[in-house]
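Contents: one structure, followed by commentary.
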Amino acid sequence: MRTPPCLLSLTLDSAVLNLSNITDLSPLPDHILIELFLRTLRAGKLTERVLKLFIATGKDEVFSLIQALNIQVTVNPVLPTRALNFDLTSFMNVWRPIFSRFHLTIVKDPDLKEELKIPEGFNLDVYKEPDIDRVVGTSTSIIFSGYACRYFGYLVSRKKYIISMDDDCLPAKDNKGFLVDAVAQHITNLTTPATPFFFNTLYDHFTEGADFVRGYPFSLRNGVTCALSCGLWHNLADFDAPTQALKPEERNSLYVDAVLTVPARTLMPISGINIAFNRDLVGPALLPCFRLATEGKFRWETMEDIWSGMCVKVICDHLGLGVKTGLPYVWRNDRGDAIASLRKEWEGVKMMEEAVPFFQSVRLPQEATTAEDCVIEVANAVKEKLGSKDPVFAHTAKAMLDWVKLWKSVGGSSSSPGA
Amino acid sequence: MAEPATATQAAAPAVALLKDELDIVIPTIRNLDFLEMWRPFFQPYHLIIVQDGDPSKTIKVPEGFDYELYNRNDINRILGPKASCISFKDSACRCFGYMVSKKKYIFTIDDDCFVAKDPSGKAINALEQHIKNLLSPSTPFFFNTLYDPYREGADFVRGYPFSLREGVPTAVSHGLWLNIPDYDAPTQLVKPLERNTRYVDAVLTIPKGTLFPMCGMNLAFNRQLIGQAMYFGLMGDGQPIGRYDDMWAGWCTKVICDHLGLGVKTGLPYIYHSKASNPFVNLRKEYKGIYWQEEIIPFFQQAALPKDCTTVQKCYIELAKQVKEKLSKVDPYFDKLADAMVTWIEAWDELNPTGAAVPNGKAK
């Protein structure tokens, strides 16, 4: 008969399961600490935050293990918080099992006057107006207000992958009723190839049980690096104000169990609510440059992410990188009155009608091989082709050039050339 | 989701949409037993059975269906010398059914495809979903991240240009398959046990400028808008290649749809595909295609149709010309195929006289 596990072993297993609630490991005796480390590793739960906990104990054996195993962590969730939501307690707590594993960057909207309330137990950096001013100068910091505050987080991060999420999003449930780990899904999307040159009718072949179908050219089956992963939303989907006002009761409950690559040369609205990207490859291409005169504090009063998204897509197409869309879903809280927003002049709609044909036809020169080069080319094209149509575009073109300069000076090493 | 619905589960819809405007085209070489299961959904519609193989064999059609049946003798009799463009000993012969139909819409299905169940266990009326897909617009010029915006409960997302929200007419509805997925022979050999159990609850428009592998197992289209492009090529008996019929039609169709501003949808409905064909037999058929594909795909990706090609026929004849010019050097087969493409259009025009000189969408 097998001997049942001893009490210590059971305790260690329980500790591994509850790592997200542990904030200090220093009271543990050395031999137990090492055993906990190994079990954590085996369980796949050695995240950046947990790693820091172990390192904080200062024990040599832990250090030698880490060195011997060459452990590195590369993901960095960035959380923008806009005005109207200074109390992040419930948001952070509900995401704790998923977020606590990573280093978080929280960027506070400079227009938000209240102090942020953040619960304990997370490994994070918080950037507020004074920090933003310090890094980029007070005249530049103006671009980081509202939803655009998240771009500051992208700018100062030094990690390879960034996951960006609005603070009115909660974990969604999949079609079996399980909570979706949005971060894990985004990472899977970013670390598996994309297939933008030919459409696979069974969608992303890197999901279990799917593969390339008959007729899919073999030479295209390796795919290309995925630079951007766009997730979706349950409950309050990302509709514009007119749609939301027309259908106030509409809530998105459909769980479409697919990830797919958006084909090359096809544009799409890239929402900033739930996205992830490879900062090394396309960091500078996500830019806070398109600001509506009537931009407000609800998502449907902004277009900054839509503009940024079209730039990124055009640049990815040019550099031969992939953009995926679909899973993961997040659950978005109800808020705001769309009809009130409609009273503002709906200039965003007008702008899109000009912007879309521009992006559909813009072509970048072969010499543009990095994201920075591409942004400069797009900015010049915007100035040339759209500048005269509306002053907002002329302003945007200049802002894009300023952004590249800012990125080069503050954003760390320049991005790697496209795949 | 790994089993098909049973016959008793499938309930006939209250209204059979497009009952007098749609034909169901079924190629068969064995029998039509599978129709029993589809009876509640198919019975209101007219069937066109294209019998492949030995014409002396009698294919029994289950009682109660309204149908016309054509075997090889019929095809030869009706088309005369032009019958050479219709394949023999390959399901590609089904396109004869498209030609001979007098209806506006076609739904085609293989005889090893059964009624599937959705995740709630309900039998899927694939025909009804195809009709919904065809009757609602497509959006090929800008991708909607919430998929088909015309579906119940969906809409255009923020940032989708308002000027593009009317969409364009849908020419093709491409359905998918649960259980045995449509893999090529090499994939079948490597993964003989893989089954598709993932029900992806979406319909989406394949963007303009993007090609895709069109499978003929579960396919519907607007015959009036795109019928002449649905030629399934020269396959099977006496030909160097097989299992590329629907692929060829799909690539021609997509290029022409992109040129004429028509939409192609893919996704729902699912059918349950029950028979896995022999991968070794498939490999022999596909072998050349796997190599030729590498030339064919760039050809279609770069194919440009002149502005004066304003009808499907004109587009198709122009494509045939380009196939002859650019692909003959890959293999003399393409020379024959280009000729067959022209023969197909000639045969189509003969059997459908009013359609000949009338621009898209206005015929009949």
Under 6.0 Å from the NZ atom of Lys122(B), do we count more than 12 heavy atoms belonging to anything else shown? no

Rounded distance [0.5 Å steps], NZ in Lys265(B) versus CD1 in Ile206(B): 12.0 Å

Checking heavy atoms, do the side chain of Val213(A), its backbone, both or neither come under 4.5 Å from chain B? both

What part of Gln244(A) is in contact with chain B, defined as an atom under 4.5 angstrom from a non-hydrogen atom: side chain, backbone, both or neither? neither

For Ser219(A), which atoms come within 4.5 Å of any heavy atom of chain B: side chain, backbone, both, or neither? both

Counting only non-hydrogen atoms closer than 4.5 Å, does Ala258(A) touch chain B with its backbone (N, CA, C, O), its side chain (CB onward), both, or neither? both

Output yes when a side-chain donor or acceptor of Ser308(A) lies under 3.5 Å from a complementary backbone atom of Glu304(A), and no otherwise. no

Is it the backbone or the side chain of Asn282(B) that comes under 4.5 Å from a heavy atom of chain A, or both, or neither? neither

Can you check whether Thr325(A) reaches Phe143(B) side chain to side chain, under 4.5 Å on heavy atoms? yes

Under 4.5 Å heavy-atom distance to chain B, tell me which part of Ile270(A) shows up: side chain, backbone, both or neither. neither

Quick check for you: among Phe141(B), Tyr244(B), Phe212(B), which has the greatest number of heavy-atom pairs under 4.5 Å with chain A? Phe212(B)

Segment of Phe212(A) engaging chain B (4.5 angstrom heavy-atom cut-off): backbone

At a 4.5 Å cut-off on heavy atoms, which part of Leu254(A) comes close to chain B: side chain, backbone, both, or neither? side chain

Counting only heavy atoms closer than 4.5 Å, note whether Asp305(A) contacts chain B via side chain, backbone, both or neither. side chain

Output, in order, the C-alpha distance, side-chain angles, deciding distance and verdict of ring pair (Phe, Tyr, Trp, His ring centres under 6.0 Å) for Trp177(B) and Tyr183(B). CA-CA 11 Å; Trp177(B) 345 272; Tyr183(B) 289 161; 8.3 Å; no

